[in-house]
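First up is the structure itself, then whatever we jot down about it.
For this chain, numbers begin at 1 and follow the sequence in order. This is a predicted model, so every value here is computed, not measured.
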Amino acid sequence: AVRYPRGTGPNAVVAREMTALPIGKGVVKREGQRVAILSFGALLQRALGAAETVNATVVDMRFVKPLDEALILQMATQHTLLVTLEENTVMGGAGAAVNEYLAAQGVVIPVLNLGLPDVFLHHGKHGDLLDDCGLSAENIAHTIQQRLQQLQQNNQLAG
């Protein structure tokens with residue numbers, strides 16, 4: 001199935017000239033500390049909004065296949081938590097691909113996968129449905145803050 005979304009993309013700027021897009025390369029959109037949000041697809045603006053609250057790095061991954069493996073490794077070495085964000089179900093999605101890649105490389109880092117639940121959603125406006133799924137910028141930031149607190153508590157127990 002191919003899904004063609006309605007409406008326009010946020011902050012979409014139509015380029016006058018065509019330029020080559022490097023296949024499989026993500027772009028760092030914001031530098032932050034401790035947390036890196038790897039955003040796949042249309043949730044980039046929400047990722048940037050959440051990043052302002054938690055001072056996170058934001059990466060526009062742009063591609064699921066091929067993954068930008070070098071950029072994922074760079075983010076894993078420079079941060080204490082990776083967050084994947086996608087407008088897709090988490091199970092079997094882009095975040096799962098990141099998890100599989102990190103595991104194959106033997107990289108151990110906490111990863112928080114955020115996306116859509118694996119259920120049928122009711123009909124509604126696109127933005128409202130994303131908000132209902134906990135994917136507003138505020139909810140993303142809150143979920144990240146909760147995970148950071150959980151990690152801190154786990155480290156206190158282990159120490």
Side-chain angles (χ1 to χ4, degrees), residues 1-76 78-79 81-102 109-148:
V2 176
R3 180 180 178 271
Y4 293 96
R6 295 177 298 184
T8 60
N11 299 326
V13 178
V14 178
R16 295 279 181 210
E17 295 182 28
M18 297 291 288
T19 57
L21 179 67
I23 303 297
K25 297 295 178 194
V27 176
V28 176
K29 293 292 192 174
R30 182 187 191 282
E31 294 282 350
Q33 298 177 342
R34 295 179 44 194
V35 177
I37 303 172
L38 309 180
S39 179
F40 292 88
L43 298 180
L44 180 62
Q45 292 305 313
R46 290 169 183 249
L48 289 165
E52 289 296 322
T53 301
V54 297
N55 190 22
T57 296
V58 176
V59 179
D60 182 0
M61 292 300 292
R62 301 194 307 181
F63 294 88
V64 178
K65 287 190 177 189
L67 281 173
D68 190 340
E69 296 172 349
L71 189 53
I72 293 170
L73 285 177
Q74 177 186 344
M75 293 299 112
Q78 295 176 351
H79 298 84
L81 173 65
L82 293 184
V83 178
T84 65
L85 180 62
E86 62 189 297
E87 190 179 353
N88 183 34
T89 57
V90 172
M91 186 176 8
V98 170
N99 296 345
E100 290 173 10
Y101 173 71
L102 291 170
I109 183 172
V111 180
L112 173 61
N113 301 121
L114 300 177
L116 300 176
D118 194 14
V119 298
F120 288 105
L121 298 174
H122 59 278
H123 183 74
K125 292 183 179 180
H126 182 250
D128 292 342
L129 293 175
L130 289 173
D131 292 347
D132 290 348
C133 292
L135 297 177
S136 67
E138 296 80 16
N139 282 336
I140 293 166
H142 179 71
T143 304
I144 291 170
Q145 289 168 331
Q146 285 181 315
R147 180 57 58 93
L148 288 170

- Search all heavy atoms of Val58 against all heavy atoms of Ala51 and return the closest pair with its distance. CG2-CB, 3.3 Å
- Query: Roughly how far, to the nearest 0.5 Å, is CZ of Arg62 from CD1 of Ile23?
  - Reply: 9.0 Å
- Item | Nearest-0.5 Å distance that lies between atom CD in Glu69 and atom NZ in Lys25 | 9.0 Å
- Message: So, taking the atom named NE2 in His142 and the one named CD1 in Ile144, what distance separates them when rounded to the nearest 0.5 Å?
- Response: 11.5 Å
- Task: Begin with the C-alpha distance, continue with both residues' side-chain angles, and end with the deciding distance and a verdict on side chain to side chain contact (heavy atoms under 4.5 Å, CB included) for Val28 and Met75.
- Result: CA-CA 10 Å; Val28 176; Met75 293 299 112; 4.2 Å; yes
- Look up atom CG in Leu81 and atom OG1 in Thr57, then write down how far apart they are to the nearest 0.5 Å. 11.5 Å
- Stepwise, does the side chain to side chain contact (heavy atoms under 4.5 Å, CB included) test hold for Met61 with Asp68? CA-CA 7 Å; Met61 292 300 292; Asp68 190 340; 4.2 Å; yes
- Using a cut-off of 6.0 Å, state whether more than 12 heavy atoms not belonging to Arg34 lie near its atom CZ. no
- Message: Do Leu71 and Gln74 make a side-chain contact, defined as non-hydrogen atoms from C-beta onward lying under 4.5 Å apart?
- Response: yes
- Shortest non-hydrogen contact from Ser136 toward Arg46: CA-NH1, 3.3 Å
- Message: Quick one, Leu130 and Leu116 - any side-chain contact, counting heavy atoms below 4.5 Å?
- Response: yes
- Note on the structure: Leu73 and Tyr101 have their tightest heavy-atom pair at CD1-OH, 3.2 Å
- Item | Atom pair CG/OG1 of Leu112 and Thr143 - distance to nearest 0.5 Å | 7.0 Å
- More than 12 foreign heavy atoms under 6.0 Å from CD of Gln33: is that the case here? no
- Message: Between Glu87 (side chain only) and Ala42 (backbone N and O only), is there a donor and an acceptor less than 3.5 Å apart?
- Response: no
- For the pair Ile37 and Arg30, evaluate side chain to side chain contact (heavy atoms under 4.5 Å, CB included) and give the outcome as yes or no after the intermediate values. CA-CA 10 Å; Ile37 303 172; Arg30 182 187 191 282; over 6 Å; no
- Provide the closest heavy-atom pair for Phe63 versus Phe40 in the form atom of the first, atom of the second, distance. O-CE2, 3.4 Å
- Of the non-hydrogen atoms in Ile140 and Leu135, which two are nearest, and what is the gap between them? CD1-O, 3.7 Å
- Answer whether the closest heavy-atom distance between the side chains of Leu43 and Leu114 falls below 4.5 Å. no
- Message: Tell me the closest heavy-atom pair linking Pro22 and Ala20, and the distance in Å.
- Response: CD-O, 3.7 Å
- Query: Testing Thr84, Val98, Val59 for side chain to side chain contact (heavy atoms under 4.5 Å, CB included) with Ile72, which one passes?
  - Reply: Val98
- Roughly how far, to the nearest 0.5 Å, is the CG atom of Asp118 from the CG atom of Asn88? 9.5 Å
